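Reviewing the structure listed below.
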Amino acid sequence: MSRHSDYLSAAFWAVLGVGITVASWRLDRLETLAINPWSVPGLTPGVVGVLMILLALALGLQTRHRPPDAAGPPGPAAGPQGAPEAGAEKPAGDVRRTLAAGTLCVLFAGLLLGRGLPFALLASTFVFLFTTAFSWP
């Protein structure tokens, strides 16, 4: 990826993190119901939003300190100059992996959870399958 696209990605994630943080801050605190402060609605999204902002800033700083001609670390199929060698993996492989990850996530969260099977069994099977599927090149 180029420096420009890294800066755009960092800006996108920072704006999204700010939006999530602001939206979670505006949620009702439910003080009238004597809700425990650690279970206030919006606490988890607020923490996630703040973490997104921090990681976006880290991406921006990392990009700023990278030399202008460096496009990132060379991949496993890259040559000595970072240029792809002949026969390097095509972007279609990335699309297949993305679709496989999406399919596993939808099967787990969308179809299997809440159908009566024990969560521990489903979660451990999902983690095993996901790790196994993406451990191989």
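Computation of the quantities below employed the complete heavy-atom set of this structure, encompassing side-chain atoms and omitting hydrogens, waters and symmetry-equivalent molecules. Note that this is a predicted model, so its numbers are computed, not measured.
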* Inter-residue atom distance Leu104.CG - Thr125.OG1, 0.5 Å rounding -> 11.5 Å

* Asked: What about Val22 and Leu57, same hydrophobic cluster or not, with Ile/Leu/Val/Met/Phe/Trp/Tyr joined at side-chain heavy-atom distances under 4.5 Å?
  -> yes

* To do: Give, for atom CD1 of Ile35 and atom CG of Asp28, the distance between the pair rounded to the nearest 0.5 Å.
  => 9.5 Å

* Asked: Of the non-hydrogen atoms in Ala14 and Ala56, which two are nearest, and what is the gap between them?
  -> N-CB, 3.5 Å

* Asked: Within a strict 4.5 Å, meaning less than it, do heavy atoms of the Cys105 and Phe126 side chains meet?
  -> yes

* Atom pair CD1 (Ile20) and OG1 (Thr44), whose distance is rounded to the nearest 0.5 Å -> 12.5 Å

* Within one Ile-Leu-Val-Met-Phe-Trp-Tyr cluster: Leu8 and Leu16, side-chain cutoff 4.5 Å -> no

* Same hydrophobic cluster for Met52 and Leu55, using side-chain heavy-atom links shorter than 4.5 Å among ILVMFWY? -> no

* To do: Determine whether Asp6 and Gln62 make a side-chain contact, defined as any pair of heavy atoms from C-beta on separated by less than 4.5 Å.
  => no

* Would you please classify the geometry between the Phe119 ring and the Phe108 ring as parallel, tilted or perpendicular, with 30° and 60° separating the classes? => tilted

* **Arg64 side chain to Leu59 backbone, donor-acceptor under 3.5 Å** => no

* With respect to Thr21, which candidate in Val48, Val50, Leu51 satisfies the side-chain contact (heavy atoms from CB on, under 4.5 Å) definition? -> Val50

* For His4, does the NE2 atom have more than 12 heavy-atom neighbours from other residues, nucleotides or ligands under 6.0 Å away? -> no

* Any donor-acceptor N/O pair, Thr131 side chain to Phe128 backbone, under 3.5 Å -> no

* Are Val40 and Leu30 close enough, and set up right, to give a side chain to side chain contact (heavy atoms under 4.5 Å, CB included), and what steps lead you there? -> CA-CA 7 Å; Val40 169; Leu30 303 176; over 6 Å; no

* Which heavy atom of Ala120 sits nearest a heavy atom of Ser124, and at what distance? -> O-OG, 2.8 Å

* Ala100 to Phe134 - nearest heavy-atom pair and separation -> CB-CZ, 4.1 Å

* To do: Quick one: pull up CG in Leu117 and CG in Leu122 and give me the separation to the nearest 0.5 Å.
  => 5.0 Å

* Report the distance from atom CG of Leu54 to atom CH2 of Trp13, rounding to the nearest 0.5 Å. => 15.0 Å

* Structure fact -> Taking every heavy atom of Gly60 against every heavy atom of Ala10, the minimum-distance pair comes out as N-CB, 3.9 Å

* For Leu129, does its backbone N or O pair with a side-chain atom of Thr132 as donor and acceptor, under 3.5 Å? -> no

